[in-house]
Asker: 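Have a look at this one.
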Amino acid sequence: MLTLDDVVTTYGAVRALDGVSLNVAEGQITAVLGANGAGKTTLLRTVNGLVRPSSGSIRFDDHDLVVAPVESIVTFGIAHVPEGRGVITELTVEENLRLGALWRSDRRRTTDEGLDSVYEMFPPIAERRGKAADTLSGGERQMLAIGRALMSRPRLLLLDEPSLGLAPRITAQIMATLRRLSSEEGITVVLVEQNARSALSVADTAVVLNLGRVVAAGPANDLAGDEQLRHAYLGF
């Protein structure tokens with residue numbers, strides 16, 4: 001579904017991605033792991049067109065993402081939930097969610113159906129649908145950010161540190177939701193996480209980055225069981 005081949009992304013003289021290649025299979029969760037500065041966020045921003053690689057190729061099905069306009073990428077079926085949750089705090093929960101459907105050509109017919117699905121998935125924000133987003137807890141804001149991305153009905157969901165700053169109980173709820181999206185809804189997920197243990201518990205495959213390079217890749221269970229790799233790069 002998503003293929004990166006020898007991708008190099010630079011910020012000035014710094015190679016944030018240094019020849020990254022990976023394949024993301026349809027319907028699976030792929031965890032992207034590594035320490036701060038490893039290139040994880042840059043990977044998502046490069047796939048999403050927010051930064052352009054200096055070399056290499058990125059393909060999503062038949063689409064060349066290297067040359068695709070940023071505004072077109074969401075119409076291909078790709079949604080991005082950036083780090084920091086990024087909800088519009090002045091708007092209500094429901095207004096934030098409706099923004100997620102703006103790019104859909106059939107949004108009038110599907111918005112209400114999408115809202116029902118998101119509210120079923122995240123009952124805490126269903127109870128707050130008419131409240132301003134700035135009244136939500138951190139966990140509720142993360143649910144809202146994911147729900148808004150789902151309103152575009154993506155085939156590929158890019159998530160950047162969804163557990164950051166959340167209590168373990170909320171993190172577990174978010175991870176369980178991602179597993180459900182993959183197994184029941186068929187949504188492909190690329191999950192960037194520093195919480196490697198949590199990410200590997202729900203992922204099918206995983207990639208470990210270090211200083212912009214892939215240092216390990218394979219089934220999530222294999223990486224979780226590699227004690228040397230865990231100590232060197234994953235912190236558990």
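Computation of the quantities below employed the complete heavy-atom set of this structure, encompassing side-chain atoms and omitting hydrogens, waters and symmetry-equivalent molecules. We number each residue from 1, following the sequence as shown.
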Asker: For R179, is there any backbone N or O sitting under 3.5 Å from a side-chain donor or acceptor partner on S183?
Answerer: yes

Asker: Applying a strict under-4.5 Å side-chain criterion to I, L, V, M, F, W and Y, I'd like to know whether L2 and L17 cluster together.
Answerer: yes

Asker: Do T171 and I174 have side-chain heavy atoms sitting under 4.5 Å apart?
Answerer: no

Asker: Check this for me: does any side-chain nitrogen of one of E95 and R148 sit under 4.0 Å from a carboxylate oxygen of the other?
Answerer: no

Asker: Kindly indicate, with the supporting measurements, whether the criterion side-chain contact (heavy atoms from CB on, under 4.5 Å) is fulfilled by K131 and T92.
Answerer: CA-CA 5 Å; K131 301 292 186 181; T92 67; over 6 Å; no

Asker: Apply the test side-chain contact (heavy atoms from CB on, under 4.5 Å) to residues F60 and T3: give CA-CA distance (whole Å), side-chain angles for both, the deciding distance (0.1 Å), then the verdict.
Answerer: CA-CA 7 Å; F60 176 68; T3 303; over 6 Å; no

Asker: I'd like to check L191 versus P162 (side-chain heavy atoms, cut-off strictly below 4.5 Å). Are they in contact?
Answerer: yes

Asker: Hey, is the main chain of A133 close enough, under 3.5 Å, to the side chain of T89 for a donor-acceptor pair?
Answerer: no

Asker: Determine whether more than 12 heavy atoms belonging to other residues, nucleotides or ligands lie under 6.0 Å from atom CD of E71.
Answerer: yes

Asker: Do V24 and I73 belong to the same hydrophobic cluster, where Ile, Leu, Val, Met, Phe, Trp and Tyr are linked whenever their side-chain heavy atoms lie under 4.5 Å apart, directly or via other members?
Answerer: yes

Asker: Report yes if some heavy atom in the side chain of V74 is under 4.5 Å from a heavy atom in the side chain of I78; otherwise report no.
Answerer: no

Asker: Any chance the side chains of E94 and Y119 put a donor and an acceptor closer than 3.5 Å?
Answerer: yes

Asker: With distance as the sole test, does D226 use its side chain to make a donor-acceptor pair with the main-chain N or O of Q228 at under 3.5 Å?
Answerer: yes

Asker: Looking at every heavy atom in both A206 and L200, which two are closest together, and how far apart are they?
Answerer: CB-CD2, 3.6 Å

Asker: Do L43 and V66 land in one hydrophobic cluster if side-chain heavy atoms of ILVMFWY residues count as linked below 4.5 Å?
Answerer: yes

Asker: Drop me the distance from L22's CG to L4's CG, to the nearest 0.5 angstrom.
Answerer: 4.5 Å

Asker: So, taking the atom named NZ in K40 and the one named CD in E161, what distance separates them when rounded to the nearest 0.5 Å?
Answerer: 5.5 Å

Asker: Looking at CD of E90 and CG of N96, how far apart are the two atoms once the value is rounded to the nearest 0.5 Å?
Answerer: 9.5 Å

Asker: Can a donor-acceptor pair be found between the side chains of T42 and T9 at a distance below 3.5 Å?
Answerer: no

Asker: Check whether the side chains of Q28 and S182 place a donor and an acceptor atom closer than 3.5 Å, and report yes or no.
Answerer: no

Asker: Is the shortest distance from a Lys or Arg side-chain nitrogen in E26 or R155 to a carboxylate oxygen in the other one below 4.0 Å?
Answerer: yes

Asker: Check this for me, if you would: do R141 and D134 make a salt bridge, where the nitrogen-to-carboxylate-oxygen distance has to be below 4.0 angstrom?
Answerer: no

Asker: Out of the candidates T135, I125, V87, only one should pair with V93 under the side chain to side chain contact (heavy atoms under 4.5 Å, CB included) rule; please name it.
Answerer: I125

Asker: What's the spacing between I29 CD1 and L181 CG if we round to 0.5 Å?
Answerer: 8.0 Å

Asker: Under 4.5 Å between side-chain heavy atoms, counting indirect links through other Ile/Leu/Val/Met/Phe/Trp/Tyr residues: same cluster for L150 and V189 or not?
Answerer: yes

Asker: Going by heavy atoms in the side chains, are I187 and L156 under 4.5 Å from each other?
Answerer: no

Asker: What's the verdict on side chain to side chain donor-acceptor pair (under 3.5 Å) for R180 and T177, showing C-alpha distance, side-chain angles and the deciding distance?
Answerer: CA-CA 5 Å; R180 173 185 166 187; T177 298; over 6 Å; no

Asker: Starting from the C-alpha separation in whole Å, work towards a yes-or-no answer on side-chain contact (heavy atoms from CB on, under 4.5 Å) for M151 and L115.
Answerer: CA-CA 7 Å; M151 288 294 292; L115 288 170; 3.9 Å; yes

Asker: Side-chain contact, heavy-atom cut-off 4.5 Å: L157 with V81?
Answerer: yes

Asker: side-chain contact (heavy atoms from CB on, under 4.5 Å) between Q142 and Q173: does it pass, once the steps are laid out?
Answerer: CA-CA 11 Å; Q142 188 60 272; Q173 291 176 3; over 6 Å; no

Asker: First locate atom CG of L91, then atom CG of L99, and finally report the distance between them rounded to the nearest 0.5 Å.
Answerer: 6.0 Å

Asker: Going by heavy atoms in the side chains, are H80 and L44 under 4.5 Å from each other?
Answerer: yes

Asker: Can you give me the closest heavy-atom contact between G212 and V20, atom names plus distance?
Answerer: O-CG2, 3.3 Å

Asker: Y233 versus L33: any side-chain heavy-atom pair under 4.5 Å?
Answerer: no

Asker: Closest heavy-atom contact between A79 and A149?
Answerer: CB-O, 3.7 Å

Asker: Side chains of V208 and N210: closer than 4.5 Å at any heavy-atom pair?
Answerer: no

Asker: Please report the closest heavy-atom contact between F236 and H231, naming both atoms and the distance.
Answerer: O-ND1, 3.7 Å

Asker: Return the minimal non-hydrogen interatomic distance between E193 and A199, and the atom names on each side.
Answerer: CB-CB, 3.8 Å

Asker: V214 and V47: same hydrophobic cluster, using ILVMFWY side-chain contacts below 4.5 Å?
Answerer: yes

Asker: Can you see which heavy atom on N195 is nearest to which on S163, and at what distance?
Answerer: CB-OG, 3.8 Å

Asker: Verify the neighbour count for atom CZ of R213: are there more than 12 heavy atoms of other residues, nucleotides or ligands below 6.0 Å?
Answerer: no

Asker: Looking only at the side chains, is there a donor atom on one of S21 and D6 sitting less than 3.5 Å from an acceptor on the other?
Answerer: no

Asker: Using 0.5 Å steps for rounding, measure from the CZ atom of F76 to the CG atom of D62.
Answerer: 10.5 Å

